[in-house]
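Positions are given from 1, in the same order as the sequence printed here. What's counted below: heavy atoms across the whole structure, side chains too, no hydrogens, waters or symmetry copies. No experiment lies behind these values; they were computed from the predicted model shown.
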Amino acid sequence: MPVSSLLPLLGLLAAGLGVLTGVPQVLRLLKDPDATGLSYSSAVLGVLSAGTWLSYGVALRDPAQLVANVPGLACAVVTVVLAARRLGLRLSTAAVAVAAWTPVVVAAFAVGGAAAAGALGTAVSLVKMLPQIRTVVRREPLHGLAPATFVLTQVSAALWTVYGLALGQVSVVVCSAVTVVLAGVVLSRRCPPAEVVRALHRGRFGVPGRLLVRPLVLARRATLTLAA
């Protein structure tokens with residue numbers, strides 16, 4: 001089977017994971033009133049990002065972008081609404097941001113077409129993680145963040161990077177590659193690797209989890225034995 005024929009499938013796989021990305025965060029906000037560490041600014045920028053990429057997908061008639069960003073936009077809006085309630089903030093901030101951003105996207109299409117919209121999508125997607133990164137850097141509690149959201153974000157973004165490289169979509173490549181890194185920063189703070197390994201070793205996810213980290217545990221024991 002030609003590699004080119006697999007590209008649509010790769011894009012749809014990336015889109016499918018992208019659809020699921022925001023679901024763990026929504027579920028966490030529904031189940032737990034504690035939204036500590038969740039950046040409302042990042043959530044609002046997530047709405048702008050999904051909306052911009054949706055318009056980009058419509059312009060290019062790219063099924064992968066449409067599959068990802070139609071439900072992605074809906075999920076981002078729900079996250080903003082729930083976050084505003086949990087954090088005691090006003091939804092008017094999000095409404096103003098959307099109202100101000102929409103003419104910018106329309107102007108980008110008018111001036112530079114889909115390429116300009118893609119550049120805007122890249123810009124807002126890169127910026128949207130910065131408020132959350134700032135929270136991480138400040139070492140604030142991050143109980144309100146759903147780790148699964150950032151795991152799915154990394155995997156989905158990695159697939160989008162490959163997809164963008166294959167199709168020569170520079171905006172997609174830049175946006176996705178940087179997202180992989182930024183999501184990794186947040187995830188490493190929310191779930192420190194050492195704690196994850198210990199949890200898996202204690203059976204947090206049963207036998208599969210223990211088997212996954214067993215080589216690391218054995219290597220650690222061997223190192224301690226040699227050091228002694």
Side-chain angles (χ1 to χ4, degrees), residues 15 18-19 21-23 25-26 29 35-62 64-138 140 144-146 149-150 153 156-157 160 164 169-183 185-186:
V19 169
T21 295
V23 174
Q25 188 62 66
V26 170
L29 288 171
T36 304
L38 176 64
S39 170
Y40 186 62
S41 297
S42 284
V44 173
L45 289 169
V47 172
L48 304 186
S49 173
T52 305
W53 283 114
L54 177 58
S55 65
Y56 176 81
V58 170
L60 293 181
R61 297 181 182 178
D62 187 339
Q65 291 287 356
L66 296 177
V67 169
N69 291 298
V70 170
L73 177 58
C75 196
V77 170
V78 172
T79 299
V80 166
V81 172
L82 292 174
R85 291 181 178 179
R86 296 289 186 259
L87 297 172
L89 301 174
R90 296 181 179 180
L91 278 173
S92 58
T93 302
V96 170
V98 172
W101 185 251
T102 300
V104 176
V105 176
V106 172
F109 270 110
V111 174
L120 275 182
T122 299
V124 71
S125 295
L126 297 180
V127 171
K128 77 175 182 180
M129 289 288 290
L130 296 183
Q132 191 64 69
I133 292 293
R134 181 178 59 187
T135 301
V136 169
V137 171
R138 289 178 175 177
E140 296 179 12
L145 297 184
T149 283
F150 293 93
T153 296
S156 176
W160 277 120
Q169 296 182 5
V170 178
S171 296
V172 174
V173 173
V174 173
C175 175
S176 301
V178 175
T179 297
V180 171
V181 176
L182 296 181
V185 172
V186 177

Tell me which donor-acceptor pairs under 3.5 Å the side chains of residues 72-96 have, and how far apart each pair is, sequence neighbours excluded?
from, atom 1, to, atom 2, distance (Å)
T79, OG1, C75, O, 2.9
R86, NE, L29, O, 2.8
R86, NH2, L29, O, 2.7

[X]: side chain to side chain contact (heavy atoms under 4.5 Å, CB included) partners, not counting sequence neighbours:
| X | result |
| --- | --- |
| V174 | T122, L126, V170 |
| V127 | L45 |
| A157 | S176, T179, V180 |

*Mark yes or no for whether Q132, through its side chain, and G37, through its backbone, hold a donor-acceptor pair below 3.5 Å.*
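A pair under 3.5 Å: yes.
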*Any donor-acceptor pair under 3.5 Å linking the side chain of T149 with the backbone of L145?*
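Looks like no, no N/O pair under 3.5 Å.
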*Report yes or no: do S125 and S49 form a side-chain donor-acceptor pair below 3.5 Å?*
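Per modelled atom types, S125 and S49 side chains form a pair under 3.5 Å.
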*Within-4.5 Å side-chain heavy-atom neighbours: W101 and T52*: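 Yes, at least one pair of side-chain atoms sits under 4.5 Å.
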_pair V185-M129: side-chain heavy atoms closer than 4.5 Å_ =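 The answer is no, as the side chains (C-beta and beyond) never meet within the 4.5 Å cut-off.
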*asked:* How long is the straight-line distance from OG of S39 back to NZ of K128, given to the nearest 0.5 Å?
replied: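 One finds 11.5 Å between NZ of K128 and OG of S39.
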Between [X] and [Y], which heavy-atom pair has the shortest distance, and what is it?
| X | Y | value |
| --- | --- | --- |
| F109 | A59 | CE2-CB, 3.4 Å |
| S156 | T21 | CB-OG1, 4.3 Å |
| L120 | A108 | CD1-CB, 3.3 Å |

*salt bridge (charged side-chain N to carboxylate O under 4.0 Å, His left out) partners for R138, two or more places apart*: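 Applying salt bridge (charged side-chain N to carboxylate O under 4.0 Å, His left out) to R138 gives E140.
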_If the condition is ring-ring contact (aromatic ring centres under 6.0 Å, His included), which residues does Y56 pass it with, not counting sequence neighbours?_
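Testing Y56 for ring-ring contact (aromatic ring centres under 6.0 Å, His included), a comparison that skips the adjacent residues, returns W53.
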